Participant: 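Before I ask anything, here is the structure I am working with.
Whatever order the structure lists them in is the order used to number ligands and atoms, beginning at 1. When a residue number appears, it is its place in the shown sequence, counting from 1. In what follows, every heavy atom counts, from backbone to side chain, and hydrogens, waters and symmetry copies are set aside. Here the structure is a predicted model, which means the values were calculated and not measured.
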Amino acid sequence: MNYLEQIDLERLPKHIAVIMDGNGRWAQQRQMERVFGHKNGVQSVRETVEASAELGIEYLTLFAFSTENWSRPQFEVDALMSLLVETIEAEMPTMQKNNIRVLSIGDLQRIPEAARLKLQKCIADTANNTRLAVVLALSYSARWEICDAARRIAEDVTKGQINIQNIDNEVFSQYLTTHNIPDPDLLIRTSGELRLSNFLLWQLAYTELFFTDVKWPDFRKQDYYQAIVEFQKRERRFGK
Ligand code: IPE
Ligand code: IPE
Ligand code: MG
């Protein structure tokens, strides 16, 4: 089946978010260490970014590392951080050539300094690119983000900068790490898990959800197109 032909380019989702899951199981099935799965997931990231840029998707958010993932064995955390740095360095020329902007959401203070500096440089260097925004969710969890927003709103109330009566959806959204990013239209989770795992709980309120059994290292453009075709069959009502 050629899913690309079935995509209506006039009705593309503006923002697609992906929970890239299943790297560890993919490796274990091959009698390999989990980290082997993470390394093989990089090609899937490349394909998804490339497909997004080719189609004209405006925002692609990738859940790369959750707040809870800090509790994994230290060697796995270290391997994921090194992979992050290596991938950013290797992909920078392609990002620039293809006019892709990199953003991040999450608690960057927790990221080891070497990785954080590379990431911040990548964000700064691509800041003026206009084609596709790739949003990396790193050390991110929705409950962290919502608590952080609540704390900062409380501070601003104390300082008299906002009035309690004025706190509504819009004001609250402004305090989230996603404040200048539209809510996702489509969420994809790979590897057959049917849960959100603390990802974008506020922003996914009316997002269409697509789950696939394909594990992240096997995820290819066709799988991505399939999710978009499925999205275009849905009727979005937003409660109306
Ligand atoms: C997703 O794959 C990548 C990260 C969470 C960093 P997993 O590492 O969760 O792999 P599984 O789900 O254990 O197979
Ligand atoms: C969610 O996957 C986080 C990322 C993909 C980065 P997990 O593998 O950490 O989530 P659970 O443990 O299956 O809920
Ligand atoms: Mg997992």
Side-chain angles (χ1 to χ4, degrees), residues 15-49 52 59-88 90-91 102-112 114-116 118-119 122 134-148 176-178 181 184 186-204 207 209-220 223-224 227:
H15 181 179
I16 300 180
V18 186
I19 302 178
M20 310 184 288
D21 198 15
N23 295 351
R25 279 164 287 159
W26 183 91
Q28 276 156 357
Q29 279 176 339
R30 288 160 178 77
Q31 271 64 255
M32 299 293 279
E33 297 294 332
R34 297 173 51 83
V35 171
F36 180 68
H38 299 316
K39 289 190 176 146
N40 278 274
V42 174
Q43 183 57 26
S44 311
V45 172
R46 267 189 217 111
E47 293 221 5
T48 308
V49 169
S52 301
Y59 293 87
L60 170 68
T61 297
L62 300 171
F63 199 8
F65 195 89
S66 75
T67 305
E68 291 75 19
N69 290 155
W70 288 117
S71 315
R72 292 192 179 189
Q74 192 58 42
F75 72 88
E76 186 177 345
V77 171
D78 292 345
L80 281 163
M81 291 300 141
S82 315
L83 197 58
L84 172 72
V85 172
E86 287 161 26
T87 308
I88 286 176
E91 299 301 319
V102 177
L103 304 172
S104 79
I105 55 170
D107 187 2
L108 290 197
Q109 297 316 314
R110 288 188 73 176
I111 308 267
R116 189 173 63 235
K118 293 261 156 58
L119 178 68
C122 173
V134 175
V135 184
L136 300 174
L138 287 167
S139 189
Y140 173 88
S141 79
R143 289 182 177 177
W144 162 78
E145 173 182 50
I146 291 168
C147 289
D148 181 64
L176 297 172
T177 53
T178 51
I181 302 170
L186 169 63
L187 170 82
I188 300 170
R189 183 171 189 153
T190 59
S191 87
E193 304 295 3
L194 307 179
R195 54 177 173 261
L196 297 178
S197 301
N198 212 353
F199 189 44
L200 299 174
L201 298 181
W202 172 282
Q203 297 85 343
L204 294 176
T207 302
L209 310 178
F210 178 84
F211 297 99
T212 171
D213 287 337
V214 174
K215 295 182 182 67
W216 183 250
D218 284 332
F219 192 83
R220 289 293 170 267
D223 301 297
Y224 193 54

Participant: Does any N or O in the side chain of Thr67 come within less than 3.5 Å of the main-chain N or O of Ser141, such that one atom is a donor and the other an acceptor?
Facilitator: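 Yes, the answer is positive, given that a donor and an acceptor are paired below the 3.5 Å cut-off.
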Participant: What count do you get for protein N/O/S atoms less than 2.8 Å from the Mg ion (ligand 3)?
Facilitator: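 If we list every protein N, O or S atom nearer than 2.8 Å to the Mg ion (ligand 3), we get 1.
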Participant: May I ask you to check whether Gln43 and Arg46 show a side-chain donor-acceptor distance below 3.5 Å?
Facilitator: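 Yes, a side-chain donor-acceptor pair sits under 3.5 Å.
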Participant: Test your reading of the model: is there a side-chain donor-acceptor pair from Asp78 to the backbone of Phe75, 3.5 Å cut-off?
Facilitator: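 Pair absent, no side-chain N/O of Asp78 close to backbone of Phe75.
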Participant: Residues around ligand 2, heavy atom under 4.0 Å from any ligand atom, sorted by chain and number. Can you pull those?
Facilitator: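 Under the 4.0 Å cut-off, ligand 2 touches Ile19, Met20, Asp21, Phe63, Ala64, Phe65, Asn69, Arg72, Arg189, Arg195, Ser197.
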Participant: Measure from the side-chain N and O atoms of Asn40 to the backbone N and O of Gly37, and report whether any donor-acceptor pair falls under 3.5 Å.
Facilitator: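 It does not hold such a pair.
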Participant: With no hydrogens and no angle check, is any side-chain donor or acceptor of Arg110 less than 3.5 Å from a backbone partner on Ser139?
Facilitator: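 Looks like no, no N/O pair under 3.5 Å.
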Participant: Verify, without hydrogens or angle tests, whether Asn198 (side chain) and Arg143 (backbone) share a donor-acceptor contact under 3.5 angstrom.
Facilitator: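 Yes, Asn198 side chain to Arg143 backbone: donor-acceptor pair under 3.5 Å.
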Participant: Any idea which atoms of ligand 1 are less than 4.0 Å away from a heavy-atom of His38?
Facilitator: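 Those of ligand 1 that fall under 4.0 Å from His38 are 3 (C), 8 (O).
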Participant: side-chain contact (heavy atoms from CB on, under 4.5 Å) between Gln203 and His15: does it pass, once the steps are laid out?
Facilitator: CA-CA 11 Å; Gln203 297 85 343; His15 181 179; over 6 Å; no
Participant: Measure the acute angle between the ring planes of Phe219 and Trp216, then classify it against the limits of 30° and 60° as parallel, tilted or perpendicular.
Facilitator: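 Rings of Phe219 and Trp216: parallel, under 30°.
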Participant: Between Arg220 and Glu47 (side chain of the first, backbone of the second, donor and acceptor by atom type, cut-off under 3.5 Å), is there such a pair?
Facilitator: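 No, Arg220 side chain to Glu47 backbone: no donor-acceptor pair under 3.5 Å.
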Participant: Please answer whether the main-chain N or O of Ile181 pairs with a side-chain N or O of Thr178 as donor and acceptor at a distance below 3.5 Å.
Facilitator: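 No, Thr178 side chain to Ile181 backbone: no donor-acceptor pair under 3.5 Å.
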